[in-house]
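All ligand and atom numbering here is 1-based and tracks the order in the structure.
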Amino acid sequence: MSDIIENLGDEVQRGEIEKVKELVKTAVDQGLAPMEILENGLRPAMEEIGRKFGSLEIFLPEMMNAADAMSAGVEILKPYLASEKSEAQKGLIILGTVQGDVHDIGKNIVGVMLGSLGYKIVDLGYDVPVLTFVDRVIELEPDIVGMSALMTSTMVHMPRVINALKERDLRKKVKVIVGGAPVLPEWALEIEADGYGENAAEAINVVKELLQ
Ligand code: B1M
């Protein structure tokens, strides 16, 4: 691993926003691929933060600082994250992090990457109530609804959204994709989602397949 990627991970963990921004810029200038910066530098740092938080080595303020540093890095990377640019409108996707869950870094990355590929993204944000997903489906008639959840306690809202869509006879009109760290392919099958993405790159592939 290059020094810069390693330093980037360290600075994310320290919550050093300005240093993270600087290092991401330098990495881009040095020709490192944006996905490499994200997947090898920023993301593992957050996983390590999650591990440390889980084992009480750090507490919420440190996790919040690291999250802010990660978000600042992603912000710098955004314009570079697209692998193929397209002006064509390829489909409408509404995205949101489910009810009770404020984790939105991963969902934002998925949204940025899909948006840069020509899909129209309506981002409902985080802590999105079950019925807000349904209301937006009625209002906007999207091709896909994407739900993100980062906690085992909140992923249970995914089937609630799907059931609410079924009850209103909307399920056949819209595809549903799900993702987020605790979400597994088995869960996606169980709740009868149409697709699952382990990471943003996979989410893109799933969307491409579903909208073919
Ligand atoms: Co929270 N948190 N957190 N947290 N946090 C986790 C999720 C946790 C695993 C940490 C731990 O205990 N080890 C744990 C959940 C445990 C569980 O449910 N089993 C946890 C907890 C407990 C909490 C609080 C309850 C802590 C507290 O208050 N005591 C609290 C909950 C608040 C709430 O939601 N109501 C909380 C708060 C926070 C912060 C606010 C500090 C911050 C979030 C800031 C933000 O998002 N704006 C935060 C963070 C940063 C994390 C960790 C450390 C990192 C998450 C992250 O951003 N990863 C996390 C530990 C971990 O995940 N290992 C943890 C980087 C991101 C790029 O990856 O989100 O996985 P990820 O997204 C990926 C893929 O999953 C996928 O693509 C993305 C890009 O590749 N993907 C999709 C995501 N969504 C997708 C949707 C798709 C397809 C793919 O289709 C629609």
In terms of side-chain geometry, is the basic nitrogen of [X] or [Y] positioned less than 4.0 Å from the acidic oxygen of its partner?
{"X": "Glu47", "Y": "Arg51", "value": "no"}
{"X": "Arg136", "Y": "Glu139", "value": "yes"}
{"X": "Lys166", "Y": "Glu192", "value": "yes"}

| request: Using non-hydrogen atoms of the residue, decide whether Pro182 is closer than 4.0 angstrom to ligand 1. | output: no
| Can you find a non-hydrogen atom of Glu39 under 4.0 Å from ligand 1? | yes
Return the residue, atom name and 0.1 Å-rounded distance of the protein heavy atom closest to [atom].
{"atom": "atom 29 (N) of ligand 1", "answer": "Phe53 CZ, 3.9 Å"}
{"atom": "atom 68 (O) of ligand 1", "answer": "Arg43 NE, 3.9 Å"}
{"atom": "atom 86 (C) of ligand 1", "answer": "Gly179 CA, 3.6 Å"}
{"atom": "atom 76 (C) of ligand 1", "answer": "Glu198 O, 3.5 Å"}
{"atom": "atom 1 (Co) of ligand 1", "answer": "His103 NE2, 2.1 Å"}

| Path from Leu92 to Ile138 over hydrophobic side-chain contacts below 4.5 Å | yes
| message | Under 4.0 Å from a heavy atom of Ala181: which atoms of ligand 1 are those, numbered in the order shown and with their elements? | response | 70 (O), 75 (O)
| Do any nitrogen or oxygen atoms of Ala200 lie less than 3.5 angstrom from nitrogen or oxygen atoms of ligand 1? | yes
With a 4.0 Å cut-off, strictly under, does [atom] pick up any protein heavy atom?
{"atom": "atom 6 (C) of ligand 1", "result": "yes"}
{"atom": "atom 49 (C) of ligand 1", "result": "yes"}
{"atom": "atom 16 (C) of ligand 1", "result": "no"}

| said: Tell me the contacting part of Ile177 for ligand 1: side chain, backbone, both, or neither, using a 4.0 Å heavy-atom threshold, strictly below. | reply: both
